[in-house]
Structures are given as structure tokens and as C-alpha cells.
Amino acid sequence: MSDGYAHRSASQRRKLGRSALAHSIAVVAFGLLAWSGAAALDDGVPSLAASSLIAGSGGFAGALALTLTILIRLSSSAVDRAGSLQAARRVMVICSVAAFAAGVVLAPGGEERGFAISVSGMMAGTLALFALLAGGGLPARQRRGR
């Protein structure tokens, strides 16, 4: 009788464990970004607050889904599907586009406009990059959605 761990080598378990830890750190980082956006909603720069809130929330949800997928994969012998991985990536990309759009639409006029748009773009780009690179530790065919 196998308990789920028997078919995985120690190096595979360590790799999944490191990946789960890295994704957990991303959960915290994106959660803090969402929290700072929520706290800044009444500080006079709604474009940065909205972009932080959208990018942070999308990154938090996506990173949490990926972390849970990796932990389930680590602790279970069942073959899990890549659907949660692909769905998390899609949500993060959609939130990335929405964060940038909110930053552009809500950017103040005048001197601060370019700064607000560029910061919103950096937050959106960071989320999109995370969506592209996330899922490390999972088999390549599962990351591709097969």
C-alpha cells in the first residue's frame, strides 16, 4: 500500500516544498499590496490605491490557489488537474489588465499623471510576470495544462 509519498523521491518532495514556500511568500506580499491599496483609498491618489488593491487582490488569490495546488500535490497521491493552475493564471492576467486600466483611468491630471500611470504599470507588470512564472515545482505537462 502506498501512502502518496512512496512514489515521489525525496528530491521531488523538497522541490515541491520549496515551491510551496516561495508561493506562500507571494501570498503574503500580494496580500500586503492589497491591504496597502485598501488603506490608501482615501489618501488622494485613487489610481495608485485602486491599482494596488486590484493587483494585490488578484495576486493574493492566484498565489493562494497555486500554493494550495502545490500542497495538495505534495500530500496526495491523487493526480490533480492543471485546471486550478490555469484558472489562477487567467485571473491574475485579468487583474493585471484591470489594475493598469484603473491606473490610467483614475490617474490625476498634471505632473503626477505620468508617475501614477507608471507605478500602476509596474504593479500590473509584476502581477503579469508572476502569472507567467508561477507554478514552479509542478511537472511541466501540468504547468502547460495537459
Side-chain angles (χ1 to χ4, degrees), residues 4-5 8 10-146:
Y5 277 134
R8 288 196 178 87
S11 66
Q12 287 174 325
R13 289 192 304 266
R14 278 193 302 272
K15 184 177 179 183
L16 283 172
R18 284 191 305 268
S19 183
L21 176 63
H23 284 82
S24 297
I25 291 169
V27 168
V28 171
F30 281 115
L32 289 173
L33 182 63
W35 180 58
S36 71
L41 279 174
D42 60 348
D43 284 346
V45 186
S47 65
L48 295 181
S51 294
S52 294
L53 187 58
I54 294 168
S57 299
F60 176 82
L64 183 62
L66 293 169
T67 302
L68 293 175
T69 299
I70 292 167
L71 290 174
I72 289 168
R73 176 107 173 127
L74 181 62
S75 65
S76 173
S77 63
V79 177
D80 49 346
R81 302 175 196 261
S84 61
L85 177 64
Q86 294 301 330
R89 284 183 167 176
R90 285 185 186 118
V91 165
M92 288 189 285
V93 168
I94 290 168
C95 287
S96 174
V97 171
F100 184 67
V104 171
V105 169
L106 297 174
E111 297 174 3
E112 301 95 20
R113 183 168 179 78
F115 175 75
I117 290 173
S118 64
V119 171
S120 296
M122 288 178 59
M123 284 187 276
T126 301
L127 180 56
L129 185 63
F130 179 72
L132 177 69
L133 299 176
L138 294 173
R141 75 173 188 278
Q142 188 174 6
R143 282 195 304 260
R144 287 191 303 261
R146 293 183 187 162

Checklist line | Ala134 backbone acceptor or donor facing Arg89 side chain under 3.5 Å | finding: yes
Note to self: I want to check something: taking the side chain as every heavy atom from C-beta on, are Ser57 and Cys95 in contact at a cut-off of under 4.5 Å?
What the structure shows: no
Looking at every non-hydrogen atom in both residues, tell me the closest pair between [X] and [Y] and how far apart they are.
| X | Y | value |
| --- | --- | --- |
| Leu53 | Ala34 | CD1-O, 3.4 Å |
| Ala50 | Leu41 | N-CD2, 4.5 Å |
| Ala55 | Phe30 | O-CD2, 3.9 Å |
| Ala20 | Leu71 | CB-CD2, 3.7 Å |
| Phe100 | Ala124 | CB-CB, 3.8 Å |

Notebook entry, point to check: After noting the C-alpha distance and the side-chain angles of Val119 and Phe115, does the key distance pass the side chain to side chain contact (heavy atoms under 4.5 Å, CB included) rule?
Noted result: CA-CA 6 Å; Val119 171; Phe115 175 75; 3.6 Å; yes
Notebook entry, point to check: Going by the side chain to side chain donor-acceptor pair (under 3.5 Å) test, which pairs reach into residues 107-120, not counting sequence neighbours?
Noted result: Ser51-Ser120
Roughly how far, to the nearest 0.5 Å, is the [atom2] atom of [Y] from the [atom1] atom of [X]?
| X | Y | atom1 | atom2 | value |
| --- | --- | --- | --- | --- |
| Met122 | Ile117 | CE | CD1 | 14.5 Å |
| Thr69 | Leu64 | OG1 | CG | 9.0 Å |
| Ser47 | Leu106 | OG | CG | 6.5 Å |
| His23 | Leu66 | NE2 | CG | 5.0 Å |
| Ser52 | Leu33 | OG | CG | 4.5 Å |
| Ile54 | Ile94 | CD1 | CD1 | 12.5 Å |

